[in-house]
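Note that the numbering runs from 1 along the sequence shown for the chain. All values reported here derive from a predicted model rather than from experimental measurement. Only heavy atoms go into these numbers, but all of them, side chains included; no hydrogens, no water, no symmetry mates. We count ligands from 1, going down the list as the structure has it; atoms in each ligand are counted the same way.
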Amino acid sequence: MSLPSLLLVGCGKMGGALWQGWLKQGLAPSIILDRRCDAPPAPHRVVRTAGEIPGDFKPDIIILAVKPTGMEEALASLRPFLDGAIVISMLAARTVESLRAACGEATSRIVRAMPNTPAAIGKGVTGVCSSDLDDAQRALCTSLLSAVGDVAWVDNEEQLEALTPISGCGPAYVFLLAELLEKEALRVGLPPETARLIARGTVSGAGALLAASDEESETLRKNVTSPNGVTAKALEVLMAPDAWPATMSEAIDNAMKRAREMAS
Ligand SMILES: NC(=O)c1ccc[n+]([C@@H]2O[C@H](COP(=O)([O-])OP(=O)(O)OC[C@H]3O[C@@H](n4cnc5c(N)ncnc54)[C@H](OP(=O)(O)O)[C@@H]3O)[C@@H](O)[C@H]2O)c1
């Protein structure tokens, strides 16, 4: 796939995951702007400040992957490159309205996206919304983002904000599960190497089975749960209404509350 002229702004955890994913697909941003990026220079160009970007560079797409607090500074420095560009913001809790304000007079088209870190291995899920794009521009964004995993267009920002604590933050919950399983393996007397192997293998294997299967996750769970068997006894505890179901709702609500605080 050929890439449009692309400027990646911020090559930290998320920008770096996207960059790694694109490279694995044989794609590369034209220019990476990051003041601390240690990416090798080819096939793209790495610059530390916007002032180093050639004045005649006209990015079709600018991917903004700095911390939400860095939005104004980054977009102010990019003013000469914003006109006519599609700006895809990966920033949590930064609204289209605030992005547009930070772009000033520039005629940029704003897209809000919420990726997740499995993008680094092409297994990400990116939620995305925009009311600024025609069909061809939307297809361009889809092809770029689908190079690092699944793409889920949603109708509006409310839906994007609802998706953020699920898929944007979700890998952290799954890694926590692996951590907790490893700790439990140690607690019940298994040696550290075995604890690590079985915890990681279980989480990644179950994820791979889920990805490979057409079955609902509920069905896959039931398939490994014999009535009154060993798994059933563990699930009795985890699935009690005040246990995981309530804890997960509380966690998602807490994350959404923080996203609203950050947006205001
Ligand atoms: N991490 C995730 O799982 C995840 C998931 C979904 C969405 N996101 C979103 O992704 C965005 C990036 O998060 P992150 O965790 O990847 O951040 P990060 O690791 O801090 O990476 C941002 C990078 O951009 C650089 N930078 C910031 N402003 C710059 C500027 N004006 N010019 C040049 N370089 C600049 C930073 O350098 P300095 O450190 O020197 O500022 C840093 O190297 C956030 O807005 C977050 O909401 C993250």
* **salt_bridge(Arg187, Glu184) N-O dist < 4.0 Å** => yes
* Short N-O contact, Glu218 and Lys222, less than 4.0 angstrom -> yes
Can you list the ligand 1 atoms lying under 4.0 Å from a non-hydrogen atom of [X]?
| X | result |
| --- | --- |
| Glu73 | 31 (N) |
| Pro68 | 44 (C), 45 (O), 47 (O) |
| Thr117 | 3 (O) |

Within-cut-off N or O pair, [X] and ligand 1, under 3.5 Å:
| X | answer |
| --- | --- |
| Gly168 | no |
| Asn116 | no |
| Ser77 | no |
| Val66 | yes |
| Ala92 | yes |

* Test salt bridge (charged side-chain N to carboxylate O under 4.0 Å, His left out) on Arg109 and Asp134 and set out the steps. => CA-CA 10 Å; Arg109 293 168 193 279; Asp134 62 27; 5.9 Å; no
* Asked: Are side-chain heavy atoms of Leu6 and Pro59 found at a separation under 4.5 Å?
  -> no
* Min side-chain heavy-atom separation Ile86-Asp60 under 4.5 Å ->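 No, too far: nothing below the 4.5 Å cut-off.
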* **Partner residues of Asn254 under the side-chain contact (heavy atoms from CB on, under 4.5 Å) criterion, sequence neighbours left out** =>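 Per chain and number, Asn254 pairs via side-chain contact (heavy atoms from CB on, under 4.5 Å) with no residue.
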* Asked: Strictly by modelled atom types, are Glu52 and Thr49 linked by a side-chain donor-acceptor pair under 3.5 Å?
  -> yes
[atom] - nearest protein heavy atom and its distance:
| atom | answer |
| --- | --- |
| atom 42 (C) of ligand 1 | Asp34 OD2, 3.6 Å |
| atom 19 (O) of ligand 1 | Lys13 N, 3.0 Å |
| atom 21 (O) of ligand 1 | Gly12 CA, 3.2 Å |
| atom 5 (C) of ligand 1 | Met14 CE, 3.4 Å |
| atom 12 (C) of ligand 1 | Ala65 O, 3.2 Å |

* Asked: Can you list the steps and then say if Ser143 with Ser146 is a side-chain hydrogen bond (donor to acceptor under 3.5 Å, both in side chains)?
  -> CA-CA 5 Å; Ser143 68; Ser146 62; 5.8 Å; no
* Met248, CE atom: more than 12 neighbouring heavy atoms under 6.0 Å ->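 Check fails, neighbour count at 12 or below.
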* Asked: Which is closest to atom 29 (C) of ligand 1 by heavy-atom distance: Met262, Arg36, Arg35?
  ->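 Looking at heavy atoms only, the winner is Arg35.
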* Counting heavy atoms only, which of Met90, Lys67, Met71, Met114 is nearest atom 14 (P) of ligand 1? ->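 Looking at heavy atoms only, the winner is Lys67.
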* Structure fact -> In short, side-chain hydrogen bond (donor to acceptor under 3.5 Å, both in side chains) pairs touching residues 70-93 with sequence neighbours left out are Arg35-Glu73, Asp83-Thr107
* Would you say Gly10 touches ligand 1, if touching means a heavy atom closer than 4.0 Å? -> yes
